[in-house]
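Note that this is a predicted model, so its numbers are computed, not measured.
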Amino acid sequence: SEVILAVDASLSMGWDFNMDPALEQSWDENEERARLLYEYANRLQSTNWLRYAAELPRLQREDQEIIRRREQIERDMNRPNEVDRIELARMALGELIQSSRDDVVFGLTSFNACGAPAWHGYYTTAQRDQLVQRIGSIQLDFSTALADTIQSLQRTVRGGQSEEAPVNVVLVSDGKDSCAGDPCAAAAALKRAVPHLYINMIAISRDTEEMRCVADATGGAFVQVEEAEALAKQLVRAAGQAVPEHCQ
């Protein structure tokens, strides 16, 4: 009866759900190129200023090329009449919330920056409309702090210490940790501290297979979302709210 919704609010959640995986790979490669360029420029500036000054025109040209490539990929990512990942997640989470049993209490956390995630509190049955509205108002930002979010759950959940009070976490994300964290290690540590907490990882893109370890470490499920129409049902199962046919 305790379900925590953990929602990835990084900028990539604003991309099209049916985006070509090759396009996402191109984005990752371009961002890695940018990271290496900035690290090299900063290191050179602090250690060899004369060489930095000599290389500055080349560094600026490469920086402009990275920016142009980023803008081109962003244009290709946002096709008209395509649903964004975050909008799809919001609709499916709304269906889950409104169809769950009356005794279920939902907690909500969202993450879009490195460090501790935003904890939005618990919501009773009478507050479910407010919860849906809160999810709809979550703003996107730059980072995916999976490890930080997983670590924070130990401080926020109410149950999870006994079989009689399990906690289901439904973690919806489309990418890897971008804050130098280790989600797999964080999940293993969380399981030791809260033995009856289960993280069900809902991968809303094709680039999250390596996050399977988060679900495995806690005894939860890893669900790779292939079709938008299936997401709502998968979230219901992940939250432990699916009713067997013989009980309906």
Side-chain angles (χ1 to χ4, degrees), residues 6-79 82 84-86 89 109-118 138-152 171-190 201 203-214 217 222 224:
V7 182
D8 183 349
S10 58
L11 288 179
S12 59
M13 286 291 285
W15 297 346
D16 296 340
F17 172 72
N18 290 316
M19 187 176 66
D20 184 351
L23 197 59
E24 190 162 358
Q25 182 176 354
S26 295
W27 174 274
D28 291 342
E29 291 172 351
N30 195 60
E31 293 306 297
E32 177 65 11
R33 179 184 176 189
R35 185 186 68 81
L36 293 174
L37 176 67
Y38 298 151
E39 286 184 357
Y40 174 75
N42 289 334
R43 184 170 61 251
L44 199 61
Q45 187 177 20
S46 62
T47 60
N48 192 333
W49 197 90
L50 289 177
R51 184 176 173 186
Y52 170 76
E55 290 198 37
L56 185 58
R58 179 188 66 81
L59 296 173
Q60 291 174 331
R61 287 194 300 273
E62 187 169 354
D63 182 55
Q64 288 301 311
E65 184 180 342
I66 289 171
I67 292 172
R68 285 194 295 271
R69 178 61 177 153
R70 181 184 292 147
E71 291 173 346
Q72 178 60 54
I73 295 172
E74 285 180 333
R75 286 193 293 270
D76 293 340
M77 284 175 172
N78 292 295
R79 296 170 295 173
E82 289 286 341
D84 294 342
R85 294 168 179 176
I86 188 63
T109 187
S110 63
F111 50 101
N112 60 11
C114 297
I138 291 173
Q139 299 297 308
L140 305 186
D141 212 329
F142 284 98
S143 301
T144 305
L146 279 173
D148 292 332
T149 299
I150 292 168
Q151 291 169 359
S152 75
L171 199 162
V172 183
S173 180
D174 72 339
K176 303 179 287 291
D177 190 293
S178 62
C179 297
D182 186 341
C184 304
L190 178 64
M201 185 79 189
I204 203 167
S205 80
R206 300 173 180 84
D207 194 31
T208 50
E209 177 64 28
E210 67 183 70
M211 293 297 100
R212 182 183 293 273
C213 63
V214 171
F222 178 85
Q224 188 84 48

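- Among all heavy-atom pairs drawn from S10 and S143, the shortest one is CB-O, 3.4 Å.
- Under a 3.5 Å cut-off, the side chain of D174 and the backbone N or O of D8 do not form any donor-acceptor pair.
- With sequence neighbours excluded, the residues forming a side-chain hydrogen bond (donor to acceptor under 3.5 Å, both in side chains) with E39 are R35, listed by chain and number.
- Between the side chains of Y40 and E62, no donor N or O sits under 3.5 Å from an acceptor N or O.
- The side-chain heavy atoms of R33 and R69, taken from C-beta on, include no pair separated by under 4.5 Å.
- In this structure, T149 and A6 approach most closely via the heavy-atom pair CG2-CB, 4.5 Å.
- When all heavy atoms of N112 and Q139 are compared, the pair lying nearest together is ND2-O, 2.9 Å.
- Between the CG atom in L56 and the CH2 atom in W49 there is a gap of 8.5 Å [rounded to 0.5 Å].
- Of the inter-residue distances, the one linking F142 atom CZ with C179 atom SG reads 12.5 Å to the nearest 0.5 angstrom.
- A donor-acceptor distance shorter than 3.5 angstrom exists from the side chain of D182 to the backbone of C184, with no hydrogens or angles considered.
- With 3.5 Å as the limit, one finds a donor-acceptor pair spanning the side chains of R75 and Q72.
- Between K176 and E31 no salt bridge is recorded (no basic side-chain N to carboxylate O distance below 4.0 Å).
- Put simply, the side chain of D84 never gets that close to the backbone of I86: no donor and acceptor are under 3.5 Å apart.
- To the nearest 0.5 Å, the span separating CH2 on W27 from CD on E32 amounts to 14.0 Å.
- Taking both residues in full, the closest heavy atoms of A145 and D177 are given as C-OD2, 3.8 Å, listed atom of the first, atom of the second, then distance.
- Residues I73 and L23 meet the side-chain proximity criterion, which asks for heavy atoms closer than 4.5 Å.
- For the 3.5 Å distance criterion, the side chains of Q64 and Q60 fail to qualify, holding no donor opposite an acceptor.
- Considering CZ of F222 and CG of L171, their distance stands at 11.0 Å, rounded to 0.5 Å.
- Put simply, the side chain of T109 gets close to the backbone of A118: a donor and an acceptor are under 3.5 Å apart.
- By the 4.5 Å heavy-atom criterion applied to side chains, L37 and L59 are counted as neighbours.
- With rounding to the nearest 0.5 Å, the separation of CD1 in I204 from CZ in R85 is 7.5 Å.
- Looking at every heavy atom in both residues, G175 comes nearest to T144 through O-CG2, 4.2 Å.
- Note that CZ of R61 is 12.0 Å distant from CG of D63, once rounded to the nearest 0.5 Å.
- Although no hydrogens or angles enter the test, the distance criterion places a donor-acceptor pair under 3.5 Å between the side chain of N30 and the main chain of I66.
- The nearest pair of heavy atoms linking L146 to M211 is CD1-SD, 3.4 Å.
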